[in-house]
Amino acid sequence: MKKIASVIFFFCAVFVSSFAQNSSVVNAYIEQYKDIAISEELRTGVPAAITLAQGIVESYAGQSDFVKASNNHFGIKCKNEWSGDVVYHDDDVKNECFRSYHSAEESYKDHSDFLSSRPKYASLFDLDPADYEGWAKGLKKAGYATNPVYAQSLIKTITDYNLQEYTLFALQQEEKNNMPMLAKNKNIPGSLKQSGNDIINEAVVHVDDGATVQKKEINHYPETEFTINETRVVYLQEGSSLFAAASKYHISYKKLLKFNELDNTDLLTKNKLIFLEKKPKRGARDFHIVNDDETIEAISQQEGVQLESLLAYNNISKGTQLAAGNKIYLRPLDSNKQSIFKR
């Protein structure tokens with residue numbers, strides 16, 4: 001049995017390596033299907049990063065003969081309730097029945113419905129959508145795939161191709177639009193709740209037709225010291241004193257200002273990440289996808305990268321208005337990439 005598992009692990013490693021050698025194919029797949037994955041997260045709560053990673057792994061980034069014949073990007077088998085088209089393919093046993101779709105979009109939607117409607121995956125929706133490791137391990141535990149390193153394959157694909165950006169983009173869109181998906185997410189039922197690293201603040205707001213809705217702001221940060229890009233940081237609430245923070249964490253007030261590119265100030269006028277060490281010049285990932293009304297200063301804090309470096313990598317100046325959906329590079333551009341901005 002150990003020998004068999006080693007052989008399976010070897011072939012999985014070769015498979016992942018082949019992705020690394022054909023990153024242009026994977027990037028093209030992501031570009032083609034990222035919008036569908038984001039819309040499915042908004043509709044059902046299945047994280048976009050997980051959806052894209054599963055699509056990449058299950059379909060060999062859309063290159064397998066099986067997906068070309070069936071538009072089945074997620075390897076979903078027929079099951080008793082399926083009444084649509086089918087194809088037959090050798091998998092765990094010979095000539096198994098798999099679902100067939102008219103388009104990739106149908107496959108993506110059925111994948112979301114498949115996960116959100118089956119009891120064995122219900123516990124996944126108790127997780128934070130941003131917890132891609134928990135989702136990946138939960139899918140394997142629930143029996144989505146028999147490959148013993150399936151969870152590791154998903155996690156590596158997400159980190160290698162920065163897929164978490166698409167999950168976070170969808171989460172911020174939900175927040176902006178009063179979070180229409182939250183009622184479906186069991187993680188957020190209360191008026192004030194802390195779940196894992198999330199602090200959820202609820203406020204009553206009114207819309208034009210007189211209805212009352214709940215608008216929730218999610219901060220995906222712990223209440224205690226943690227790290228971003230391997231750098232110590234704390235998340236301070238509006239009204240917090242920087243003098244007090246400097247004293248508490250045993251650093252000088254001037255250094256605290258310098259680490260966070262701040263002018264002389266004490267009380268914060270809004271919630272803010274405050275770094276306790278000098279931020280690195282390079283990010284932990286290649287790029288950041290801009291969200292609505294996001295500034296380069298906010299991205300510098302969120303990604304833990306020095307503001308001066310971000311300005312240089314993207315050939316922009318402080319105060320440049322960023323367009324939602326564009327990329328901000330967190331590392332030096334190579335010769336094949338160009339900034340999304342022009343002077």
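The two atoms that bring Asn229 and Ala284 nearest to each other are OD1-N, 3.4 Å, heavy atoms only. Across every non-hydrogen atom of Thr320 and Ser317, the tightest pair is OG1-O, 2.7 Å. Closest non-hydrogen pair, Gly134 versus Asp131, comes out as N-OD1, 3.0 Å. Listed here is the closest heavy atom pair of Tyr121 and Leu115: CB-O, 3.4 Å. Smallest separation of non-hydrogen atoms from Ala136 and Ala151: O-CB, 3.6 Å. Between Ala69 and Ser100 the shortest heavy-atom distance is O-OG, 4.3 Å.
A donor-acceptor pair is defined here as one N or O able to donate and one able to accept, closer than 3.5 Å; no such pair exists between the side chain of Asn314 and the backbone of Ile316. A donor-acceptor pair under 3.5 Å links the side-chain atoms of Thr157 to the main chain of Ser153, judged by distance alone. The backbone N or O of Ser112 lies less than 3.5 Å from a partner atom in the side chain of Ser116, making a donor-acceptor pair. A donor-acceptor pair under 3.5 Å is absent between the side-chain atoms of Asn271 and the main chain of Gln237, judged by distance alone. Between the Arg331 side chain and the Gly283 main chain, a donor and an acceptor come within less than 3.5 Å of each other. Between the side chain of Ser59 and the backbone N or O of Gly62 there is at least one donor-acceptor pair closer than 3.5 Å. Arg99 contributes a side-chain N or O that, together with a main-chain N or O of Cys78, makes up a donor-acceptor pair within less than 3.5 Å.
Aromatic pair Tyr33/His73: ring centres closer than 6.0 Å. Not less than 6.0 angstrom separates the ring centroid of Phe98 from the ring centroid of Trp82.
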(request) Would you please test Glu96 and Lys77 for salt bridge (Lys or Arg N to Asp or Glu O under 4.0 Å) and show each step? (result) CA-CA 8 Å; Glu96 286 194 88; Lys77 297 178 182 179; 3.0 Å; yes
(request) Might you work through the side-chain hydrogen bond (donor to acceptor under 3.5 Å, both in side chains) test for Tyr101 and Asn72, ending with a clear yes or no? (result) CA-CA 6 Å; Tyr101 307 94; Asn72 187 335; 4.6 Å; no
(request) Could you go through the side-chain contact (heavy atoms from CB on, under 4.5 Å) check for Glu105 and Lys109 one step at a time? (result) CA-CA 6 Å; Glu105 185 173 2; Lys109 289 182 177 179; 3.5 Å; yes
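Put simply, CG on Leu307 and CD1 on Ile299 are 10.0 Å apart, with the number rounded to the nearest 0.5 Å. Once rounded to the nearest 0.5 Å, the distance linking CG of Asn260 with CD of Glu297 reads 12.5 Å. Rounded to the nearest 0.5 angstrom, Thr231 OG1 and Leu273 CG are separated by 12.0 Å. The line from CG of Leu322 to CD1 of Ile289 is 13.5 Å long, rounded to the nearest 0.5 Å. In this structure, CG on Asp110 lies 8.5 Å from CD on Glu106, to the nearest 0.5 angstrom. The structure places CG of Leu330 at 16.0 Å from NZ of Lys281, a figure rounded to the nearest 0.5 Å.
Look at Glu165 and Lys327 and you find no salt bridge, because none of the NZ, NE, NH1 or NH2 atoms lies under 4.0 Å from a carboxylate O. The existence of a salt bridge linking Glu40 and Arg43 is confirmed by a sub-4.0 Å separation between a basic side-chain nitrogen and an acidic carboxylate oxygen.
In this pair, Phe74 and His111 present their aromatic rings parallel. The plane angle is below 30°, not in the 30 to 60° band.
Within the 4.5 Å cutoff, the side chain of Thr159 has no heavy atoms near those of the Arg285 side chain. Two residues are said to be in side-chain contact when any heavy atoms from C-beta on lie closer than 4.5 Å; Trp135 and Leu154 fail this criterion. In this structure, the side chains of Lys34 and Phe169 stay at 4.5 Å or more apart for every pair of heavy atoms. Side-chain contact between Asp113 and Thr44 is present, with heavy atoms from C-beta onward closer than 4.5 Å. Side-chain contact between Thr295 and Lys318: absent, with no pair of heavy atoms (C-beta onward) separated by less than 4.5 Å. In this structure, Gln173 and Asp292 have side chains that are in contact, with non-hydrogen atoms separated by less than 4.5 Å. Contact check for Val46 versus Glu41: no side-chain heavy atoms found under the 4.5 Å cut-off. Using a 4.5 Å heavy-atom cutoff, the side chains of Tyr132 and Thr167 are not in contact.
When each of Gln306, Glu308, Glu303, Gln301 is paired with Lys279, the side-chain hydrogen bond (donor to acceptor under 3.5 Å, both in side chains) condition holds for Gln301 and for no other.
Residues satisfying the side-chain hydrogen bond (donor to acceptor under 3.5 Å, both in side chains) test with Asp266, not counting sequence neighbours, are Ser241.
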For residues 243-258, which side-chain donor-acceptor pairs fall under 3.5 Å, sequence neighbours excluded?
| residue | atom | partner | partner atom | Å |
| --- | --- | --- | --- | --- |
| Ser252 | OG | Lys255 | N | 3.1 |
| Tyr253 | OH | Thr265 | N | 3.0 |
| Tyr253 | OH | Thr265 | O | 2.4 |

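By the criterion of side-chain heavy atoms lying less than 4.5 angstrom apart, applied directly or through intervening Ile, Leu, Val, Met, Phe, Trp or Tyr residues, Ile274 is not grouped with Leu267; the two fall into different hydrophobic clusters. No continuous path of hydrophobic side-chain contacts links Val25 to Ile36 [ILVMFWY only; heavy atoms under 4.5 Å].
Side-chain atoms of Glu58 and Tyr144 include no donor-acceptor pair closer than 3.5 Å. Side-chain contact, Asn291 with Gln172: a donor N or O sits under 3.5 Å from an acceptor N or O.
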